[in-house]
Amino acid sequence: MSIDAPWWTTAVVYQIYPRSFADSNGDGIGDLPGVTARLDHLALLGIDVLWLSPIYPSPQDDNGYDISDYQDVDPLFGTLADLDELVAQAHDRGIKIVMDLVVNHTSDEHPWFVESRSSVDSPKRDWYWWRPARPGSQPGEAGAEPTNWGSFFSGPTWEYDEASGEYYLHLFSPKQPDLNWENPEVREAVYAMMRWWLDRGVDGFRMDVINMISKELPLRDGDVPEGAAEGDGSPSYLCGPRIHEFLAEMHREVFAGRDGAFLTVGEMPGVTVEDARLFTDPDRAEVDMVFQFEHVSVDQGATKWDVLPLQLPVLKASLGRWQEGLADVGWNSLYWNNHDQPRVVSRFGDDGEYRLRSAKLLGTVLHLQRGTPYVYQGEELGMTNAPFAGIDDFLDIEAVNHFRVATGLGADPAEVLGALRTMGRDNARTPMQWDETLHAGFTDGEPWMAVNPNYTEVNAEAAVADPDSVFHHYRRLIELRKTEPAVAHGDLTMLLADDPVVYAFTRRLGDTELLVVANFSGDPVKPEVPEYAEWATGELLLGNLTNGSGPELAPWEARVHRRKVAALS
Ligand code: TEU
Ligand code: CA
């Protein structure tokens, strides 16, 4: 069957967080030669694209998401020559490279910001968001900030610059000032930089918080949620009035008319299905797909630190709505994990008795949906959250600041720590577990962050050697996307919406129908799927138990059945 669809509809992307992937020179920090040396692991897994988290020169306030030079490599990670070598070696294996594009903000040490800050008359003053103190207040005093917004990393979004008597905007850390995309010079500089990377041979971009680049003018106070110290500025900066215009312009200026097969994915906190249809409609030429956040918020309350138990029907309703919403227009990205999320086997699975089985189940449920799956380093091993003993074990700026501010306001330290252990980004950033030697084979030196002690059991060498491992299950899932067209291109129908433990859906393309059934519990269950007895005696395309059969699913069992049906005309 020949299907006319973009190349990335059958692709799988693997995300590398370079600092935690593989260290080649014993300084305890992962680097580019380390990645290159491990490409065969990725080739064996069968992935098509590698997304590299930022490797650019950076003061590392937010582990590289604070960039001080967009057109070089931080010595921590290597050199431009190392990057060229990685691109060449990846391309040799048929793997494309997607760079992280962090252009909502720069580092405060980027020459653009240094220049902007130098004087109110600087030609680059307007490249960032400078504002005077709130009328009637004393510049620099608490409450004098131009708006009442709280930042993602605690505290206000405004930093006072004594020299000029003005404030600059930073939605994230004070070392991450927001660029002013209203200024056409900013946009042109970013597009020129993107073209430079494409000319160098990279294959696309993952665009950091790209739906925050258009701010609604004038900047104004946000509502203050109950119990919060600061206002919610998000209505002013999420999917602002010019966001579609900017992304269409970017596409025109950077990609249009260029030969090659590229991938663009926009990270978009707070994006709705309706917005995503517009962003990913091929006729509008903005981005290929977006990262939405709804399904990774179903276990969170008013803030991400307000941890709620998973309600499977809520998760299914959310992912199901995205499947439906982007069925006829646009395209989904599919992910459980990235460098900002806790490990999914600990979050939605069982990282104890059923670690292997539930990790495979989660992979199955995700990869059998319609969209482009993303695998985050270590997910293919079933890596788990880490046993952080105390606050000193947390290194992420978000965690460190949250602990300081929350406990300063009187929160119980034990409770704050509990939330950090469950939701903290550090869980994703412990070193990749390669083998059972000291520090899991990640480094010959002292790792920048402690290795999860379970590495003696959970590691790549053991997983590759074991045909029943999570690794080989992911390898089969990735292969299935290429060999069974219904996986990439079939339509999707959710089943059993209200079932508290069974995740079930069908996929259909032509005369092929697939059924996915998965038991999200530690008890056996009979799925109430219509005609399941027949399905169960038919073809089992893939499962996470060697001998899965019969009308009942074992604890954390997942099955993919296939049957032939009358083709839809
Ligand atoms: O993250 C954006 C984001 O909004 C969040 O998911 C963020 O990670 C945080 O958890 C909010 O609670 C992107 C990057 O992925 C993240 O690593 C960066 O810290 C952030 O942007 C700033 O560049
Ligand atoms: Ca290193």
Side-chain angles (χ1 to χ4, degrees), residues 17 53-54 58-67 100-108 113 128-129 145-159 167-179 181 206-216 219 221-225 227-240 243 266-271 290-294 296-297 300-307 338-342 394-409 411 416 419-420 422-429:
Y17 196 64
S53 275
S58 161
Q60 303 288 326
D61 189 53
D62 184 20
N63 288 357
Y65 283 89
D66 49 319
I67 298 170
D100 219 307
L101 181 81
V102 189
V103 290
N104 173 68
H105 43 268
T106 67
S107 164
D108 66 335
F113 186 75
Y128 294 83
W129 295 93
E145 292 82 13
T147 67
N148 66 353
W149 305 348
S151 80
F152 285 95
F153 294 156
S154 302
T157 56
W158 295 97
E159 184 77 359
Y167 291 80
Y168 66 84
L169 177 70
H170 59 89
L171 297 182
F172 293 87
S173 135
K175 289 188 68 61
Q176 293 167 301
D178 281 51
L179 280 166
W181 276 69
R206 173 271 184 187
M207 305 173 179
D208 194 66
V209 290
I210 202 68
N211 65 331
M212 300 189 192
I213 59 178
S214 165
K215 275 83 170 168
E216 189 180 65
L219 307 183
D221 283 345
D223 293 341
V224 182
E230 283 135 353
D232 172 13
S234 64
S236 294
Y237 61 73
L238 289 186
C239 298
I243 185 62
E267 190 210 23
M268 299 197 176
V271 71
V290 305
F291 288 135
Q292 56 95 5
F293 282 71
E294 220 178 81
V296 288
S297 309
Q300 302 172 344
T303 78
K304 71 182 275 183
W305 309 117
D306 186 4
V307 182
N338 59 43
H339 63 293
D340 296 331
Q341 301 293 331
F394 290 90
L395 302 180
D396 173 26
I397 180 171
E398 181 185 55
V400 172
N401 288 357
H402 171 63
F403 185 84
R404 191 189 61 244
V405 170
T407 56
L409 290 170
V416 179
L420 289 178
T422 314
M423 279 306 161
R425 307 194 299 180
D426 287 294
N427 285 301
R429 301 174 181 188

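One-based numbering along the sequence shown. Owing to the predicted nature of the structure, the values given are computational and were not obtained by experimental measurement.
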Visitor: Which heavy-atom pair separates Val271 from Gln292 by the least distance, and what is that distance?
Guide: CG1-CB, 3.6 Å

Visitor: Should the pair Tyr128 and Phe113 be assigned to parallel (<30°), tilted (30 to 60°) or perpendicular (>60°) ring geometry?
Guide: perpendicular

Visitor: Does CG belonging to Asp223 count more than 12 external heavy atoms closer than 6.0 Å?
Guide: no

Visitor: Kindly determine whether Lys215 and Ile243 satisfy side chain to side chain contact (heavy atoms under 4.5 Å, CB included), including the steps that lead there.
Guide: CA-CA 9 Å; Lys215 275 83 170 168; Ile243 185 62; over 6 Å; no

Visitor: Step by step, would you call Leu238 with Met212 a side chain to side chain contact (heavy atoms under 4.5 Å, CB included)?
Guide: CA-CA 5 Å; Leu238 289 186; Met212 300 189 192; 3.9 Å; yes

Visitor: Go through the side-chain N and O atoms of Ser173 and Asp61 and say whether any donor and acceptor fall under 3.5 Å apart.
Guide: yes

Visitor: May I ask you to decide if Ile210's main-chain N or O and Asn104's side chain share a donor-acceptor pair within less than 3.5 Å?
Guide: no

Visitor: Check for a donor-acceptor pair, side chain of Asn148 on one end and backbone N or O of Asp221 on the other, with a separation under 3.5 Å.
Guide: no

Visitor: Just by distance, with hydrogens left out, do Ser214 and Trp181 show a side-chain donor and acceptor under 3.5 Å apart?
Guide: no

Visitor: So, are Arg425 and Asp396 salt-bridged, with charged N and O less than 4.0 Å apart?
Guide: yes

Visitor: List the steps and the verdict of side chain to side chain contact (heavy atoms under 4.5 Å, CB included) for His105 and Val209.
Guide: CA-CA 9 Å; His105 43 268; Val209 290; 4.0 Å; yes

Visitor: Angle class for the Phe152/Phe172 ring planes (parallel below 30°, perpendicular above 60°, tilted otherwise)?
Guide: parallel

Visitor: Does Asn427 use its side chain to pair, donor to acceptor, with the backbone of Gly424 at less than 3.5 Å?
Guide: yes

Visitor: Does a side chain donor of either Tyr17 or Asn63 reach within less than 3.5 Å of an acceptor in the other side chain?
Guide: yes

Visitor: Write down the atom of Pro342, the atom of Met423, and the distance for their closest heavy-atom approach.
Guide: CD-O, 3.8 Å

Visitor: Could you walk me through whether Trp149 and Leu171 pass side chain to side chain contact (heavy atoms under 4.5 Å, CB included), step by step?
Guide: CA-CA 9 Å; Trp149 305 348; Leu171 297 182; 4.1 Å; yes

Visitor: If we ignore hydrogens and angles and just use 3.5 Å, is the side chain of Asp426 paired with the main-chain N or O of Phe394 as donor and acceptor?
Guide: no

Visitor: Say whether, by atom type as modelled, one donor and one acceptor occur between the side chain of Tyr167 and the main chain of Trp129 under 3.5 angstrom.
Guide: no

Visitor: Indicate the atoms forming the closest heavy-atom contact of Pro225 with Glu230, along with that distance.
Guide: CD-O, 3.5 Å

Visitor: Going by atom types only, do Ser53 and Tyr65 share a side-chain donor-acceptor pair under 3.5 Å?
Guide: yes

Visitor: Assess whether a salt bridge exists between Arg206 and Asp208, defined as any Lys/Arg side-chain N lying under 4.0 Å from an Asp/Glu carboxylate O.
Guide: yes

